[in-house]
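Both backbone and side-chain heavy atoms feed into the values below; hydrogens, waters and symmetry mates do not. Quick caveat, the model's predicted, so the values are computed rather than measured.
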Amino acid sequence: MNTHILTIIIPTYNSRTTISKLLTGLKNQIRRNIQVCIVDDGSVDDTVKVINNMYLPMEFSLYCIKHSGVSVARNYGLDKADGKYVTFIDSDDVVTDDFINSFIKAKKDDTEILVFNSSRVLCNKQYKVSSKNERYLLIGFCNNDYYVNTGLHGKFYLLKMLRKSKIQFNEKLIIGEDLIFNFNSILMADHILLSSENVYHYLNTHTVNKFNPYNKKNEIIFQQELKKIIEFISPAQRTEIETYYKITGACFLVDRYYSYICDFKSIKNIIGISKELQKFLSQYDYINFISSNKYDLIIGKRNTIIRKWLSRRHYLLVLFISRFMDIVKKIKR
């Protein structure tokens, strides 16, 4: 039997400049039936000291583990969780002053996943998702009325469902681990409730925008995990989802890997990298998907431009375009 109605899991890593703002906003909302698990992932700055120096209610627990990545930290929090529901907050984000009250008011007796921050065209604030709409949740929109963040945040999960289905974070992923977790949960849930109320706010640029030498390997693992997940849904839905994530995956690789490793002072180097990109997209079957323009309105202008030139096989030009857009937008990878 659950001791708490909700467990909030907060992974931290070198978060001394942001964590106090989040915890200050949270502590005024905490009551006895709310559990907060802060899992520090081996910070080397003063994060732990800042947390220990704050006056926090007894319901806040701090666990310190060896630096192993955010997925390990979140899984550690899941093991410690004792709430009926569980939610996740990143240490460099904030939530509204009524974050917890909004959850308590919105959930129903049969709710297995409660999704906030859903943009709704229609006036009513809540919408119950039927199984036929699962594919829309996996690509970020539902019936053209809702636009839903496909990540982890602003969502509340029934802990019993997660444990029964053995859903945890893939510790081999450093990007997209939240999507895979969320996708597994969505396909296991029978009762998903969407709300247009905004309770979660991103404050900082997350690592998804940065170059990492592991990004290429990460993309391979992500697509492998996605394929396992969508194996059990209808072929039509499977094609839609695979198309969307092959397109966004190809754009991700161009921006966060291949264009970054280019030496634009060396024509020989650029030609070599463009051939590597071509080989990768062909070997892992991206080519047959990126010609689709179905999701151009969803993926954004930048990704649409990259997708179009990739579909025309202009790999060398795509690398120049990606770097040029970074310079214009003053984006540092």
Side-chain angles (χ1 to χ4, degrees), residues 1-10 22-23 25-37 57 59-60 74 77-78 81-90 93-165 167 178-179 181-203:
M1 185 173 179
N2 301 100
T3 305
H4 305 89
I5 189 173
L6 173 66
T7 296
I8 300 172
I9 297 173
I10 306 173
L22 170 61
L23 296 184
L26 266 181
K27 72 177 182 179
N28 296 325
Q29 306 181 47
I30 297 303
R31 57 191 78 176
R32 289 190 176 185
N33 61 349
I34 305 296
Q35 176 192 26
V36 180
C37 292
E59 287 73 18
F60 280 72
R74 289 185 183 135
L78 281 172
D82 188 37
K84 182 176 180 180
Y85 290 87
V86 62
T87 191
F88 304 88
I89 305 176
D90 283 350
D93 294 330
V94 294
V95 295
T96 59
D97 292 339
D98 57 354
F99 177 74
I100 292 174
N101 281 336
S102 295
F103 155 72
I104 292 173
K105 291 178 181 178
K107 72 176 182 63
K108 308 298 182 184
D109 290 340
D110 63 352
T111 302
E112 290 175 303
I113 304 177
L114 174 58
V115 181
F116 284 100
N117 290 41
S118 302
S119 176
R120 177 67 161 159
V121 174
L122 302 182
C123 295
N124 55 305
K125 287 190 174 183
Q126 291 189 356
Y127 179 77
K128 191 172 181 178
V129 180
S130 61
S131 58
K132 68 180 180 180
N133 289 321
E134 287 169 345
R135 69 186 186 279
Y136 295 112
L137 283 179
L138 297 185
I139 54 182
F141 70 96
C142 182
N143 284 350
N144 297 321
D145 294 327
Y146 264 110
Y147 287 85
V148 182
N149 186 309
T150 52
L152 188 69
H153 305 109
K155 299 177 177 65
F156 296 77
Y157 304 87
L158 185 68
L159 184 59
K160 181 173 67 174
M161 178 195 71
L162 297 180
R163 287 181 171 164
K164 181 180 179 181
S165 303
I167 299 173
D178 54 341
L179 273 68
F181 178 93
N182 194 41
F183 298 167
N184 275 315
S185 302
I186 286 170
L187 294 180
M188 286 295 109
D190 294 318
H191 302 282
I192 303 172
L193 190 65
L194 308 184
S195 172
S196 60
E197 188 174 358
N198 291 323
V199 300
Y200 193 102
H201 301 293
Y202 298 92
L203 291 186

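- Counting only N and O atoms by type, the side chains of D90 and Y202 include no donor and acceptor under 3.5 Å apart.
- Rounded to the nearest 0.5 Å, atoms CD1 (I30) and CG (N33) are 9.5 Å apart.
- In this structure, the side chain of N117 engages the main chain of V199 through a donor-acceptor pair within 3.5 Å.
- Using modelled atom types, no side-chain atom of Q35 and backbone atom of V86 make a donor-acceptor pair closer than 3.5 Å.
- Listed by chain and residue number, E59 satisfy the side chain to side chain contact (heavy atoms under 4.5 Å, CB included) test with R32 (two or more places apart in sequence, or in another chain).
- Scanning all heavy atoms of the two residues, the minimum distance from S118 to L194 falls at OG-CB, 4.0 Å.
- The two residues A106 and L193 come nearest to each other via the heavy atoms O-CD2, 3.3 Å.
- Counting only distance, with no hydrogens or angles, the side chain of K155 and the backbone of N149 share a donor-acceptor pair below 3.5 Å.
- E112 contributes no side-chain N or O that, together with a main-chain N or O of L158, makes up a donor-acceptor pair within less than 3.5 Å.
- Distance alone, capped at 3.5 Å, is enough to place a donor-acceptor pair between the Y85 side chain and the T111 backbone.
- Residue H191 comes nearest to D110 through the heavy atom pair CB-O, 3.0 Å, listed as atom of the first residue, atom of the second, then distance.
- For G77 against I9, the heavy-atom pair with the smallest separation is C-CD1, 3.4 Å.
- Aromatic rings of F156 and F99 (six-membered ring for Trp) have centroids within the 6.0 Å cut-off, being under it.
- A donor-acceptor pair under 3.5 Å links the side-chain atoms of D82 to the main chain of T3, judged by distance alone.
- Judged by distance alone, with hydrogens and angles left aside, the side-chain atoms of S195 form a donor-acceptor pair with the main-chain N or O of E197 at under 3.5 Å.
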